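Throughout, a chain's letter reflects where its sequence line sits, starting with A, and its residues are numbered from 1. Since the structure is predicted, the reported quantities are computational estimates derived from the model, not experimental observations.
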Amino acid sequence: MKSTDLCLSSRGSEVVLVTSSDEKYPPENIIDGSSETFWTTTGMFPQEFIISFHKCVKISKLTIQCYLVRSLRIEKSLSKNPVDFEVCTEKDLQYTEGALQTEEFSLPEFQATYLRFIIKSAFDHFVSVHTVMAEGVAENL
Amino acid sequence: MVKLAAKCILTGDSAVGKSALAQMFCNDGAHFQKNYTLTTGVELLVKTISVPETSDSVELFLFDSAGKELFSEMMEKLWEQPNVLCIVYDVTNEQSFNNCAKWLEKLRAQTLGMHLPGVLVGNKTDLIGRRVVEQKWAKEWADIHGLQYCETSVKEMENIEAPFHILANSFHRLYREKVETFHSLV
Ligand SMILES: Nc1nc2c(ncn2[C@@H]2O[C@H](COP(=O)(O)OP(=O)(O)OP(=O)(O)O)[C@@H](O)[C@H]2O)c(=O)[nH]1
Ligand SMILES: [Mg+2]
């Protein structure tokens, strides 16, 4: 099966939780397939969002495009509901003046129904998240 | 319409009126407490402020901190990742004004070079005959250190909203600027 971006809302994925939001820059912008649109946090950290695939998927690579994120943790869950998360990876990002941070995580292939992104700290009062991509395949259940 | 959230550190020497200010501002209809109760550690108060000429608002999480040195280690943990700051001194107490430099330094150490909107507040202006810190000096000092300045009398309910409105507006401006930057990235 061809590997594709599983996060896309056009494929049925959805942001099911977000800790803050400006209606002008909603979390849907993270999974619309465009790096031009973004979601903003609106103050104080940590901040998080949860993406639901609405099915079980197998992921081999994660990419996030964001700005001013300092410390990021990614968690996964295989449950029907967004509970029982386990840590996938945790990383301190580099400061990139005036340019998007593009962070690729090549991980041993894993299954998930949800992904949770926790922005623990930042280089400024606010951050933007432009895209999240998960490469892999949807399981045939 | 957006509701921002700002962690506001309220600091300054003991007995300058930080808790009085925070409580009068946050609890509408609170009574001015003549008796002094020292704050141990940090007390959290929350109040939402609307930003003029917009439909936006800022939810201020006020960390009313102990002025007594005794509690300072515990406070540093609670002060992590602040957004805005409010340093209070007592206009009848010169020492409390001189110590503002120390409080500011402690706070700036938390911010890792990030710009932090701040306001210096001279409180107890009702004690006219006992005033020792001139408004002119205090304002000059605030300017030099990149802080805005205002004076209050919590006892007389005078100007007590001003510092928090200043902070909310500055924080909102920072957000607008940051969003512009986010747009310019791609
Ligand atoms: N005259 C006058 N007294 C005030 C004013 N504001 C506060 N006070 C009095 O100053 C005393 C100390 O006030 P607090 O608000 O408890 O002081 P604080 O800065 O929180 O002190 P710590 O918690 O020890 O750091 C109290 O007795 C208040 O009644 C004011 O505007 N005018
Ligand atoms: Mg107090």
Side-chain angles (χ1 to χ4, degrees), chain A residues 18-30 32-49 63-73 92-103 118-133, chain B residues 1-9 42 44-51 54-63 76-85 107-108 110-118 164 167-186:
Chain A
V18 72
T19 45
S20 80
S21 175
D22 178 344
E23 59 191 13
K24 282 199 196 133
Y25 308 100
E28 293 77 54
N29 287 349
I30 300 170
D32 64 356
S34 157
S35 347
E36 268 167 53
T37 57
F38 52 84
W39 164 70
T40 61
T41 63
T42 61
M44 307 225 296
F45 292 95
Q47 294 275 345
E48 66 175 79
F49 59 92
T63 308
I64 183 167
Q65 284 190 312
C66 51
Y67 189 52
L68 300 174
V69 173
R70 182 194 286 269
S71 175
L72 175 70
R73 182 159 88 214
D92 284 335
L93 276 57
Q94 292 291 318
Y95 179 65
T96 53
E97 169 93 55
L100 278 182
Q101 294 164 307
T102 301
E103 209 58 46
I118 305 169
I119 300 160
K120 289 164 54 185
S121 64
F123 292 106
D124 211 314
H125 301 285
F126 311 100
V127 307
S128 56
V129 178
H130 296 247
T131 50
V132 168
M133 282 179 286
Chain B
M1 194 187 78
V2 62
K3 187 176 193 175
L4 304 177
K7 177 167 177 173
C8 174
I9 309 294
V42 171
L44 177 63
L45 293 99
V46 185
K47 171 124 175 183
T48 302
I49 300 171
S50 30
V51 180
T54 68
S55 50
D56 301 341
S57 57
V58 178
E59 194 169 24
L60 269 191
F61 291 77
L62 280 178
F63 284 61
E76 284 182 18
K77 187 81 196 148
L78 293 162
W79 278 6
E80 275 176 6
Q81 305 200 53
N83 296 116
V84 297
L85 43 107
L107 278 161
R108 292 253 155 102
Q110 296 279 332
T111 64
L112 312 147
M114 207 185 283
H115 171 69
L116 224 59
F164 305 108
L167 292 174
N169 293 344
S170 306
F171 191 63
H172 183 259
R173 202 172 318 119
L174 276 185
Y175 177 71
R176 288 275 152 251
E177 286 167 14
K178 216 33 81 180
V179 168
E180 284 308 306
T181 310
F182 298 155
H183 273 294
S184 70
L185 293 171
V186 191

Heavy-atom distance under 4.5 Å to chain B: side chain of A:F126, backbone, both or neither?
both

Trace of the side chain to side chain contact (heavy atoms under 4.5 Å, CB included) decision for A:M44 with B:N83:
CA-CA 7 Å; A:M44 307 225 296; B:N83 296 116; 3.5 Å; yes

Check step by step if side chain to side chain contact (heavy atoms under 4.5 Å, CB included) holds for B:L185 and A:F38.
CA-CA 11 Å; B:L185 293 171; A:F38 52 84; over 6 Å; no

Short side-chain to backbone donor-acceptor contact, A:H125 and B:H115, under 3.5 Å
yes

CE on B:M1 to NZ on A:K24, rounded to 0.5 Å:
11.5 Å

Counting heavy-atom pairs under 4.5 Å with chain B, which one of A:L100, A:D124, A:T37 comes out on top?
A:D124

Could you state the interatomic distance from CG (A:L68) to CZ (B:F182), rounded to the nearest 0.5 Å?
5.5 Å

Which atoms of A:S20 come close to chain B, meaning under 4.5 Å heavy atom to heavy atom: side chain ones, backbone ones, both, or neither?
neither

Tell me which of these, B:L116, B:T181, B:V179, has more heavy-atom pairs under 4.5 Å with chain A than the rest.
B:V179

Report which part of B:K7 has an atom under 4.5 Å of a heavy atom belonging to chain A: side chain, backbone, both, or neither.
both

Quick one: which residues of residues 55-63 of chain B reach chain A at under 4.5 angstrom, heavy atoms only?
B:F61

Chain B heavy atoms under 4.5 Å from A:Y25: which part of the residue, side chain, backbone, both or neither?
side chain

Side-chain donor/acceptor of B:Q81 to backbone N/O of A:P46, under 3.5 Å:
no

